[in-house]
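Only this structure's heavy atoms are used, side chains among them; waters, hydrogens and symmetry mates stay out. Just so it is clear, the structure is predicted and the values come from calculations on it, not from any experiment.
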Amino acid sequence: MSRLIAGARSVFRRHPFVANSAIYGSLYVAAEFSQQYVSKRWLAQPEQREDIDYATVGRYAVMGTTLYAPSLYAWYKWLDGTFPGTLKTTILKKLVLDQFVLTPYCLTLFFTGMSLMEGAEHPFEELREKFVPTFLRSCIFWLPAQALNFMFIAPRFRIIYMGICGMIWVNILCYIKRQSPTTTATLTTTATTIKQE
């Protein structure tokens, strides 16, 4: 076991980009596969069970490995290099940049990229419908998660922490991706009402 851990550390140290890409790609595949398995096999009635849609699983693999991983790797390398340390002002700067610069980019990449791979006639339609409720959910999830990350997690262990949080968040994204326009519209209206109150 110790040799396995030492080997993993060696791979991360020597090939951080490849290791990160493999992990994020695996996370996206695992999240989508688990969503499909639960909804189509586990919770569905025997007569309503469906096969796993491996084409969709493949799209998540492409998204996680070739699009998200390079973006996140470059972003956090820049962020940690530009704002080193754990001072409160430094953490606040990281949180603001992470949530209000990186997150809109990632959500745009996710919804538009998936729509293009699905061959959607209007690739920006889903982004328009789901951006606001997804962004609000990301604030609730990622702001506390990243505050803990920047305060307590050493950079060399960040990928493990981000992997755990990322797995949860990708499951949320998979769930939102499956929502109908009516459901999303309701979420948007509710979110707007709460904001106004």
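- Nearest heavy-atom pair, Arg137 versus Ile176, reported as atom, atom and distance to 0.1 Å: NH1-CG1, 3.3 Å.
- Lys94 places a side-chain N or O within 3.5 Å of a backbone atom of Phe83 that can act as its donor or acceptor partner.
- Counting heavy-atom neighbours within 6.0 Å of Glu47 CD, excluding the residue itself, gives a total above 12.
- You'll find the side chain of Lys40 stays beyond 4.5 Å of the side chain of Arg49, heavy atoms only.
- Separating the CG atom in Leu87 from the CE atom in Met151 is a distance of 13.0 Å, to the nearest 0.5 Å.
- Side-chain contact check for Phe33 versus Asp53: every heavy-atom pair is 4.5 Å or farther apart.
- Residues that satisfy the ring pair (Phe, Tyr, Trp, His ring centres under 6.0 Å) test with Tyr54, not counting sequence neighbours, are absent from this structure.
- Applying the salt bridge (charged side-chain N to carboxylate O under 4.0 Å, His left out) test to Lys177 and every residue at least two apart in sequence or in another chain returns Glu118, Glu126.
- Side-chain contact check for Thr134 versus Phe111: some heavy-atom pair is nearer than 4.5 Å.
- Qualifying ring pair (Phe, Tyr, Trp, His ring centres under 6.0 Å) partners for Tyr73, counting only residues two or more places apart in sequence or in other chains: Phe17.
- Using a 4.5 Å heavy-atom cutoff, the side chains of Lys130 and Leu107 are not in contact.
- To the nearest 0.5 Å, atom CD of residue Glu32 and atom CE of residue Met63 are 11.5 Å apart.
- A pairwise comparison of heavy atoms in Leu67 and Pro70 identifies O-CD, 3.5 Å as the closest pair.
- Taking 4.5 Å as the limit, every side-chain heavy atom of Gln36 sits out of range of all side-chain heavy atoms of Glu50.
- Taken from CZ in Phe150 to OG1 in Thr90, the straight-line distance is 11.0 Å, to the nearest 0.5 Å.
- Phe110 and Leu102 fall within the same hydrophobic cluster, where Ile, Leu, Val, Met, Phe, Trp and Tyr residues are linked whenever their side-chain heavy atoms come under 4.5 Å apart, directly or through other members.
- Pairing each heavy atom of Ala145 with each of Cys165, the nearest pair is CB-SG, 4.1 Å.
- Heavy atoms only, all atoms of each residue included: Ser39 and Ala44 are closest at O-CB, 3.6 Å.
- Every residue two or more places apart in sequence or in another chain was checked for a ring pair (Phe, Tyr, Trp, His ring centres under 6.0 Å) with Tyr105, and none qualifies.
- Checked against the 6.0 Å centroid threshold, Tyr28 and Tyr68 count as a close aromatic pair.
- What you find for Leu116 and Pro123 is that their closest heavy atoms are CD2-CB, 3.7 Å.
- For the atom pair CE of Met114 and SG of Cys174, the computed distance is 7.5 Å after rounding to the nearest 0.5 Å.
- In plain terms, the two heavy atoms of Thr65 and Gly25 that are nearest each other are OG1-CA, 3.0 Å.
- In the hydrophobic cluster analysis, where Ile, Leu, Val, Met, Phe, Trp and Tyr join through side-chain heavy atoms closer than 4.5 angstrom, Tyr37 is grouped apart from Val170.
- Taking CZ of Arg41 as the start and CD of Gln48 as the end, the distance is 14.5 Å to the nearest 0.5 Å.
- Two residues are said to be in side-chain contact when any heavy atoms from C-beta on lie closer than 4.5 Å; Phe152 and Thr86 fail this criterion.
- The hydrophobic cluster containing Val29 does not contain Leu109, counting ILVMFWY residues as joined when their side-chain heavy atoms lie under 4.5 angstrom apart, directly or transitively.
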Verdict with supporting geometry, Ser34 and Asn171, side-chain contact (heavy atoms from CB on, under 4.5 Å): CA-CA 8 Å; Ser34 64; Asn171 269 280; 3.3 Å; yes
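- Thr82 places no side-chain N or O within 3.5 Å of a backbone atom of Leu79 that could act as its donor or acceptor partner.
- Neither Val38 nor Tyr175 shares a network with the other; the hydrophobic side chains, linked directly or stepwise wherever heavy atoms of I, L, V, M, F, W or Y lie under 4.5 Å apart, form separate groups for each.
- Neither Leu27 nor Ile52 shares a network with the other; the hydrophobic side chains, linked directly or stepwise wherever heavy atoms of I, L, V, M, F, W or Y lie under 4.5 Å apart, form separate groups for each.
- At least one side-chain heavy atom of Trp169 sits less than 4.5 Å from a side-chain heavy atom of Phe141.
- Annotation: side-chain hydrogen bond (donor to acceptor under 3.5 Å, both in side chains) contacts of Lys93 (sequence neighbours excluded): none.
- Sorted by first then second residue, the side chain to side chain donor-acceptor pair (under 3.5 Å) pairs that include residues 138-154, not counting sequence neighbours, are Tyr76-Gln146, Asp98-Gln146, Gln99-Ser138, Gln146-Asn149, Asn149-Arg158.
- Two residues are said to be in side-chain contact when any heavy atoms from C-beta on lie closer than 4.5 Å; Ile153 and Leu148 fail this criterion.
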